[in-house]
There are 2 protein chains.
Amino acid sequence: MKNPIEALNKIFDSRIRLGVMSIIIANDSVSFNDLKQMLELTDGNLASHLNTLEQAEYLKVQKAFIGKKTNTTYIITPLGKQEFKAHLDALEKMIKGI
Amino acid sequence: MKNPIEALNKIFDSRIRLGVMSIIIANDSVSFNDLKQMLELTDGNLASHLNTLEQAEYLKVQKAFIGKKTNTTYIITPLGKQEFKAHLDALEKMIKGI
DNA sequence: TATTTAACTTTGAAAAACAAAGTGCTTTTA
DNA sequence: TAAAAGCACTTTGTTTTTCAAAGTTAAATA
């Protein structure tokens with residue numbers, strides 16, 4: 001019998017990071033402010049979780065200009081999508097006792 | 001648009017507690033040592049997570065005797081089962097963007 | 001020009017996680 | 001029957017994580 005929690009990704013222990021991933025995957029790209037409002041977080045707290053996800057290369061920043069105004073949005077990387085899916089699969093397996 | 005992470009239960013942020021719940025639900029009742037071996041944890045670490053779950057009244061201890069030897073097993077409470085299910089439902093909804 | 005907004009970074013406190021050692025009781029083994 | 005081992009913790013102390021709040025920088029708006 002193998003340890004079922006090994007396959008769970010530590011990065012996704014945090015429900016904030018789980019929320020960020022869910023929102024970005026569902027919406028393709030989301031701005032800092034939208035995330036902040038949806039998840040009701042302080043700037044610093046959101047920024048640090050985004051940073052954790054960026055460090056892991058699960059998401060990346062896209063800085064674009066809308067006119068002269070910078071617009072920052074976040075998108076999932078292929079790795080991020082893969083790891084998120086793997087985590088959810090592992091979770092499901094664990095819960096169902098497979 | 002409601003904050004999707006609000007419905008997630010903080011107690012289940014921990015993959016160890018998630019693992020404990022999954023195992024106990026799947027097996028009805030599990031001993032301390034079985035949990036310890038399945039999850040590959042130190043005694044103290046497991047005991048403290050079990051304690052968190054007990055404090056929340058998500059599980060309870062059953063002390064029985066097998067002959068003269070005490071046998072400690074853990075079982076889920078109705079509340080525990082309900083909260084675990086609620087958490088998983090919230091997770092699923094969040095992921096699917098419902 | 002002053003204020004506001006966006007997207008952070010920094011700081012520091014509080015909480016959580018964890019390993020390791022210790023405890024008390026029972027049971028097995030030499 | 002004395003010693004060793006096992007069970008189920010508790011205690012201690014370190015490390016890691018989380019988070020809020022304040023500070024920062026650049027651009028936009030009044």
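This one's a predicted model, so the numbers in the text were calculated from it and none came from an experiment. A, B, ... follow the sequence lines: proteins, then strands. Residue 1 opens every chain.
Only one option out of A/Thr77, A/Thr52, A/Asn9 pairs with A/Tyr58 in a side chain to side chain donor-acceptor pair (under 3.5 Å); it is A/Asn9.
The nearest whole Å value for the distance from the CD atom in B/Glu54 to the C1' atom in D/dA8 is 12 Å. Look at NZ on A/Lys36: it is 13 Å from C1' on D/dA20, rounded to the nearest Å. Between B/Asp43 atom CG and C/dT23 atom P the separation is 15 Å, expressed in whole Å. Atom CG of A/Asp13 and atom C1' of D/dT18 are 12 Å apart (whole Å). In this structure, B/Gln55 atom CD and D/dT10 atom C1' are separated by 14 Å, rounded to whole Å. As a whole-Å value, the separation of B/Leu39 CG from C/dA19 P is 12 Å. For the pair B/Phe12 CZ and C/dA16 P, the interatomic distance rounds to 15 Å; values are reported in whole Å. Taking atom CG of B/Asn71 as the reference point, atom P of D/dG6 lies 17 Å away to the nearest angstrom.
Classification of the B/Phe84-B/Phe12 ring pair by plane angle, with boundaries at 30° and 60°, yields perpendicular.
Of the possible polar contacts, one joining the A/Arg17 side chain to the A/Ile11 backbone as a donor-acceptor pair under 3.5 Å is found. Here the side chain of A/Asn3 pairs a donor or acceptor atom with the backbone of B/Leu39 at under 3.5 angstrom.
Between D/dC19 and A/Arg15, a contact under 4.0 Å exists linking OP1 or OP2 to a side-chain N or O. Taking side-chain N and O atoms only, B/Asn45 has no distance below 4.0 Å to OP1 or OP2 of C/dA17. Taking only side-chain nitrogens and oxygens, A/Thr72 never comes nearer than 4.0 Å to OP1 or OP2 of C/dA6. Checking the phosphate oxygens (OP1, OP2) of C/dC25, no side-chain nitrogen or oxygen of B/Lys63 falls inside 4.0 Å. Considering only side-chain N and O atoms, A/His49 lies under 4.0 angstrom from the phosphate OP1 or OP2 of D/dC19. For B/Asn33, a side-chain nitrogen or oxygen approaches OP1 or OP2 of D/dA8 to under 4.0 Å.
If A/Lys10 and A/Ala47 are placed on DNA chain C by their nearest nucleotide, the residue sitting closer to the 5' end is A/Ala47.
With respect to B/Lys85 and B/Asp89, a salt bridge is recorded, a charged nitrogen being found less than 4.0 Å from a carboxylate O.
Residue B/Ser14 is in sugar-phosphate contact alone, with no base atom involved, counting any heavy-atom pair closer than 4.0 Å across all strands shown. A/Leu46 comes within contact range of no nucleotide atom at all, as no heavy-atom separation falls under 4.0 Å.
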